[in-house]
Enquirer: 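Pasting a structure below so you can have a look.
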Amino acid sequence: GNTIWLAFLISAIVALFTGLSYAELSSVFPEDAAEYVYTKKPFGKMLAFLIGYLVIFSAIISSGTVATGFAGYFSRLFHGDNIVLISIGVIVVFTILNYLSVKMSSWTNVLFTSLEMFGLFLIVVLGIFHIGDVSYVEMPNGFGGVLQASAFVFFAFIGFESVVKLSEEVKNPTKTIPQALILSILITTVLYIAVAIASVSILDWHILAASKAPLADVAASVLGNNALIALSLIALFSTANTVLIGLYAGSRALYGISDEFKLLAPFRKIHKKTRTPYYALFAIMVFSSLFCLLGDVGIVAQLTNFTLFITFA
């Protein structure tokens with residue numbers, strides 16, 4: 001109902017506790033292996049390897065899953081037919097980008113994130129003129145329904161933990177990484193709550209609940225059908241950005257773990273010119289592409305959330 005903003009706030013509090021844990025650990029152990037190192041120190045290699053494997057596995061699955069989502073938006077906008085080919089294509093393109101330059105990947109991420117935020121700011125601005133039109137404490141399914149919604153929207157916060165994979169590639173990581181972690185959660189929390197309030201102010205929550213593209217419908221109700229195209233383009237950049245980050249995070253996790261196991265030693269290799277772990281990058285590319293062949297990846301996406309739940313816990 002209209003208390004969707006509260007669901008985001010509850011999820012944000014849960015994410016913040018996890019984020020603070022990551023911030024503390026990344027300041028003590030500024031390494032690309034991240035979760036593997038954090039687990040190895042108190043519990044040893046066996047449990048650490050399991051956690052490291054789960055992190056890599058979730059990065060591979062999420063990259064393949066979101067690439068398929070990208071292909072869906074792309075085919076809708078540009079009338080492409082081959083979803084599998086498009087999804088594998090975007091994975092290959094962003095793998096090459098990650099291989100060529102970390103700085104180039106970073107600036108691409110900044111550009112795409114800016115476009116995403118513009119789309120969300122647009123919804124907030126449109127909603128300003130409708131603030132107060134509805135009650136923001138209406139709970140059609142009670143507080144239990146709000147808690148269910150908060151569990152469902154937690155995936156919107158997932159991604160902040162990828163920041164720790166940059167520990168060996170940023171200046172002053174013991175200070176920069178924790179700051180980036182906490183700021184990312186705080187900024188997204190404010191933005192998500194503002195978007196939630198604006199959305200229910202513009203469109204009745206019953207209409208939003210039945211919609212397959214709620215934010216696009218919110219914009220279209222005020223700006224007309226052209227807003228649908230604009231929001232679809234922003235969704236295209238958003239899914240592409242997630243693929244870019246997923247491939248990066250997975251490769252750095254594999255690179256970090258490979259230092260500990262002889263069998264994985266090749267994934268530790270760094271290209272002399274680009275200074276990127278190219279074996280690890282191309283391995284993540286291949287396995288992510290394989291998941292694109294599944295087509296329906298709903299169950300696989302749920303598996304990703306489950307592996308991240310275990311890791312966070």
Side-chain angles (χ1 to χ4, degrees), residues 1-24 35 54-55 58 61-62 65-66 69 113 116-117 119-121 123-124 127 130-164 180-218 235 238-239 241-242 245-246 297-313:
N2 292 334
T3 44
I4 184 65
W5 64 270
L6 182 57
F8 276 105
L9 180 60
I10 293 168
S11 281
I13 293 168
V14 176
L16 185 60
F17 279 113
T18 305
L20 288 170
S21 297
Y22 268 87
E24 177 68 18
E35 292 93 347
L54 287 174
V55 169
S58 63
I61 299 172
S62 62
T65 304
V66 180
T113 301
E116 292 173 54
M117 291 183 74
L120 296 179
F121 277 129
I123 301 295
V124 174
H130 299 270
I131 294 295
D133 288 358
V134 298
S135 168
Y136 300 109
V137 291
E138 180 188 340
M139 298 183 189
N141 297 306
F143 189 65
V146 176
L147 289 177
Q148 284 183 324
S150 67
F152 187 74
V153 301
F154 184 75
F155 78 90
F157 291 95
I158 290 173
F160 63 86
E161 77 286 350
S162 297
V163 175
V164 297
L181 275 164
I182 295 166
L183 282 171
S184 66
I185 295 172
L186 294 178
I187 291 167
T188 48
T189 298
V190 172
L191 199 53
Y192 289 163
I193 290 174
V195 169
I197 292 172
S199 297
V200 296
S201 298
I202 296 170
L203 273 185
D204 186 273
W205 68 264
H206 292 92
I207 298 172
L208 290 170
S211 173
K212 290 183 178 180
L215 290 187
D217 286 343
V218 168
S238 177
T239 47
N241 202 21
T242 305
I245 296 166
V297 287
I299 297 173
V300 185
Q302 291 177 24
L303 185 61
T304 308
N305 287 338
F306 181 67
T307 57
L308 283 171
F309 168 75
I310 294 171
T311 305
F312 287 167

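Numbering of residues begins at 1 and proceeds along the displayed sequence. Computation of the quantities below employed the complete heavy-atom set of this structure, encompassing side-chain atoms and omitting hydrogens, waters and symmetry-equivalent molecules.
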Enquirer: Any idea which heavy atoms bring Val153 and Ser11 closest together, and the distance?
Expert: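 It is CG2-OG, 3.5 Å.
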
Enquirer: Hey, mind stepping through Ile123 and Ser199 against side-chain contact (heavy atoms from CB on, under 4.5 Å) and telling me if it holds?
Expert: CA-CA 7 Å; Ile123 301 295; Ser199 297; 3.8 Å; yes

Enquirer: How close do Gly1 and Val200 get, counting heavy atoms only, and between which atoms?
Expert: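 Closest heavy-atom pair between Gly1 and Val200: O-CG1, 4.1 Å.
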
Enquirer: Going from CE on Met117 to CD1 on Ile187, what distance comes out if it is rounded to the nearest 0.5 angstrom?
Expert: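 Rounded to the nearest 0.5 Å, the CE-CD1 separation comes to 6.0 Å.
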
Enquirer: Here's a test for you: under side chain to side chain contact (heavy atoms under 4.5 Å, CB included), which of Val195, Ile197, Leu191 qualifies with Ile193?
Expert: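 Answer to the side chain to side chain contact (heavy atoms under 4.5 Å, CB included) test with Ile193 among Val195, Ile197, Leu191: Ile197.
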
Enquirer: Could you pull out all residues at least two apart from Leu16 that satisfy side chain to side chain contact (heavy atoms under 4.5 Å, CB included)?
Expert: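 Listed in chain order: Leu20, Ile185.
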
Enquirer: Test of understanding: with side chain to side chain contact (heavy atoms under 4.5 Å, CB included), list the residues that count as partners of Val146, not counting sequence neighbours.
Expert: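 Here the qualifying residues are Thr3, Leu6, Ala7, Ile10, Met139, Phe143.
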
Enquirer: Using the side chain to side chain contact (heavy atoms under 4.5 Å, CB included) criterion, which residues pair with Ala151? Sequence neighbours excluded.
Expert: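 None.
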
Enquirer: Quick one: side chain to side chain donor-acceptor pair (under 3.5 Å) partners of Ser150, sequence neighbours excluded?
Expert: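 Per chain and number, Ser150 pairs via side chain to side chain donor-acceptor pair (under 3.5 Å) with no residue.
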
Enquirer: Go through the structure and list residues passing side chain to side chain donor-acceptor pair (under 3.5 Å) with Glu161, not counting sequence neighbours.
Expert: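 For Glu161, no residue satisfies side chain to side chain donor-acceptor pair (under 3.5 Å) once neighbours in sequence are set aside.
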
Enquirer: Check Thr188, Leu183, Leu181 against Phe160 for a side chain to side chain contact (heavy atoms under 4.5 Å, CB included) and give me the one that passes.
Expert: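 Testing each of Thr188, Leu183, Leu181 against Phe160, the sole residue satisfying side chain to side chain contact (heavy atoms under 4.5 Å, CB included) is Leu181.
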
Enquirer: Side chain to side chain contact (heavy atoms under 4.5 Å, CB included) with Asp204: which residues, sequence neighbours excluded?
Expert: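 For Asp204 the side chain to side chain contact (heavy atoms under 4.5 Å, CB included) partners, ignoring immediate neighbours, are His206, Ile207.
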
Enquirer: Within this structure, what is the NE2-CG distance for the pair His130 and Leu203, rounded to the nearest 0.5 Å?
Expert: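 The CG atom of Leu203 is 9.0 Å from NE2 of His130, to the nearest 0.5 Å.
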
Enquirer: What is the distance from atom CG of Asp133 to atom OG of Ser201, rounded to the nearest 0.5 Å?
Expert: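 OG of Ser201 is found 6.5 Å from CG of Asp133.
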
Enquirer: As an exercise, state the distance from CD1 of Ile131 to CD1 of Ile202, rounded to the nearest 0.5 Å.
Expert: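 Interatomic distance, Ile131 CD1 to Ile202 CD1, rounded to 0.5 Å: 8.5 Å.
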
Enquirer: The criterion is ring-ring contact (aromatic ring centres under 6.0 Å, His included); which residues satisfy it with Tyr192, sequence neighbours excluded?
Expert: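 For Tyr192, the residues satisfying ring-ring contact (aromatic ring centres under 6.0 Å, His included) (neighbours in sequence not counted) are Phe8, Phe157.
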
Enquirer: How would you list, by chain and number, every residue that makes a side chain to side chain donor-acceptor pair (under 3.5 Å) with Glu138, sequence neighbours excluded?
Expert: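 Partners of Glu138 under the side chain to side chain donor-acceptor pair (under 3.5 Å) test: Asn2, Trp205.
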
Enquirer: Rounded to the nearest 0.5 Å, what separates atom CH2 in Trp5 from atom OH in Tyr136?
Expert: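 Spacing of CH2 (Trp5) from OH (Tyr136) equals 11.0 Å.
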
Enquirer: Could you pull out all residues at least two apart from Asn241 that satisfy side chain to side chain donor-acceptor pair (under 3.5 Å)?
Expert: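 For Asn241 the side chain to side chain donor-acceptor pair (under 3.5 Å) partners, ignoring immediate neighbours, are Asn109, Thr113, Glu116.
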
Enquirer: If you look at every heavy atom in Gly69 and Thr239, which pair is closest and at what distance?
Expert: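 Closest approach of Gly69 to Thr239, heavy atoms only: C-CG2, 4.5 Å.
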
